[in-house]
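Comments concern the structure below.
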Amino acid sequence: MKLMRYGAKGAEKPAILDRDGKVRDLSGVVPDITADLLTPQGLAPIAKVDPSSLPIVSDPGRIAPPWSGMGKFVCIGLNYADHAAESGLPIPAEPVVFMKPTSCVVGANDAVVLPKDSVKSDWEVELGVVIGARARYVSEADALKHVAGYCIVNDVSEREYQIERGGTWDKGKGCDTFGPVGPWLVTTDEIPDPQALGMWLDVNGTRVQNGNTRTMIFNVAQVVSYVSRFMTLYPGDLITTGTPPGVGLGMKPPKFLKAGDEMRLAIDGLGEQRQRVHAWNPELIDG
């Protein structure tokens with residue numbers, strides 16, 4: 001299933017994509033797509049519905065984050081060897097774990113707003129893993145049983161805040177609008193192998209990232225198992241799994257986002273995002 005939400009902030013409605021790519025309203029089946037709904041039991045009633053029997057949404061307008069109530073936004077850094085190399089950092093012996101606050105989450109095509117005085121904001125296309133069952137000390141063999149589905153994440157990052165301002169990476173990762181998610185949450189039955197997904201990102205029409213999840217250092221099962229050793233994962237929690245090479249920081253000379261830029265990014269089977277970059281404007285964040 002390809003689950004999604006649409007509508008203005010605070011008035012989102014649930015939807016599903018049918019086989020022809022048409023948006024179908026799920027409001028008559030569930031009031032919303034929430035974290036609690038992402039368990040096998042919660043998804044079962046939706047799976048029984050024939051999408052073609054649901055009303056067509058001819059103009060969905062804004063595409064919202066595909067579920068509400070995200071509890072944790074966990075990130076894995078330097079999970080592609082060639083990205084670690086372009087960043088001038090060694091390949092990690094264990095997954096690098098950091099967090100993004102859920103306040104950074106926006107829809108797939110919502111505005112990305114640069115923080116005040118930012119000059120080193122960067123892009124990162126990543127595979128997002130959405131938890132569907134409580135995971136605590138799960139084995140690698142069982143880890144994927146705890147996954148509800150997958151989505152695209154743009155792990156937008158302010159490199160000066162992240163690298164040059166001391167402390168942990170979180171300062172450069174959690175700025176408002178720095179977590180576009182979606183457009184869909186695609187359930188695991190449609191993604192039989194999360195380690196065989198092509199991914200790309202364009203800036204102003206130029207391809208800058210072109211990778212595949214098969215080159216991850218730590219695969220999805222390893223990541224879910226590893227993170228579950230340090231924190232209990234619950235339905236609706238999101239784990240992003242790192243980015244392939246081609247980020248602005250690794251270019252010679254480095255290249256960073258500026259107001260007016262447009263990012264487009266996609267992962268096989270998970271749809272496409274498109275974001276316009278804006279100078280600091282709180283109305284674009286809160287509106």
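- N154 and Q275 share a side-chain donor-acceptor pair at under 3.5 Å.
- For the atom pair L144 CG and I191 CD1, the distance stands at 12.5 Å (nearest 0.5 Å).
- Residues satisfying the side chain to side chain donor-acceptor pair (under 3.5 Å) test with D261, not counting sequence neighbours, are N204, K258.
- Defined by atom type and a distance below 3.5 Å, a donor-acceptor pair is present between the side-chain atoms of D25 and S27.
- In this structure a side-chain-to-backbone donor-acceptor pair under 3.5 Å is present from Q195 to T213.
- With contacts defined as side-chain heavy-atom distances shorter than 4.5 Å, the pair D110/I63 does not qualify.
- With L127 as the partner, the side-chain contact (heavy atoms from CB on, under 4.5 Å) test is satisfied by one option alone out of T240, D268, V220: V220.
- Inter-residue side-chain proximity for L38 and I33 is flagged as met; some heavy-atom pair is nearer than 4.5 Å.
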Self-check item: Test log, rule side chain to side chain donor-acceptor pair (under 3.5 Å), inputs T34 and D36
Solution: CA-CA 5 Å; T34 63; D36 293 341; 5.2 Å; no
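- Within a 6.0 Å radius of CZ in R207, more than 12 heavy atoms belonging to other residues, nucleotides or ligands are found.
- Looking at E164 and K120, a side-chain N of the basic residue comes within less than 4.0 Å of a carboxylate O on the acidic one, giving a salt bridge.
- Put simply, CD on E160 and CD on E158 are 5.5 Å apart, with the number rounded to the nearest 0.5 Å.
- Side-chain contact between L233 and I239: present, with at least one pair of heavy atoms (C-beta onward) separated by less than 4.5 Å.
- Minimum interatomic distance between I152 and P183 (heavy atoms only, all atoms of both residues): CD1-CD, 4.3 Å.
- For the ring pair (Phe, Tyr, Trp, His ring centres under 6.0 Å) test, residues two or more places apart in sequence or in another chain that qualify with Y226 are F230.
- W67 has its side chain within reach of C151: a pair of non-hydrogen atoms, C-beta onward, lies under 4.5 Å apart.
- Tested against F256, the residues V119, V247, L249 include a single side-chain contact (heavy atoms from CB on, under 4.5 Å) partner, L249.
- Pairs of residues two or more places apart, or lying in two chains, that qualify as salt bridge (Lys or Arg N to Asp or Glu O under 4.0 Å) and include a residue from residues 221-247 are K72-D237.
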Quiz prompt | Chi angles and distances behind the side chain to side chain donor-acceptor pair (under 3.5 Å) call for S225, S228 | solution = CA-CA 5 Å; S225 174; S228 78; 4.9 Å; no
Quiz item: side chain to side chain donor-acceptor pair (under 3.5 Å) between T243 and Q209: does it pass, once the steps are laid out?
Solution: CA-CA 9 Å; T243 197; Q209 289 189 275; 2.7 Å; yes
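- At least one donor-acceptor pair closer than 3.5 Å links the side chain of R62 to the backbone N or O of G7.
- Summarising the geometry of V125 relative to M199, their closest heavy-atom pair is O-CE, 3.7 Å, with the distance given to 0.1 Å.
- Nearest approach of I46 to M1, heavy atoms of both residues: CG2-SD, 3.6 Å.
- Using a 4.5 Å heavy-atom cutoff, the side chains of K100 and F178 are in contact.
- Counting heavy atoms from C-beta outward, S52 and L54 have side chains that stay 4.5 Å or more apart.
- Put simply, the side chain of L197 does not reach to within 4.5 Å of the side chain of Y150, judged on heavy atoms.
- No side-chain heavy atom of E124 sits less than 4.5 Å from a side-chain heavy atom of V156.
- Using a 3.5 Å distance cut-off with no hydrogens or angles, the side chains of T241 and N79 do not pair a donor with an acceptor.
- In this structure, the side chain of K171 engages the main chain of G166 through a donor-acceptor pair within 3.5 Å.
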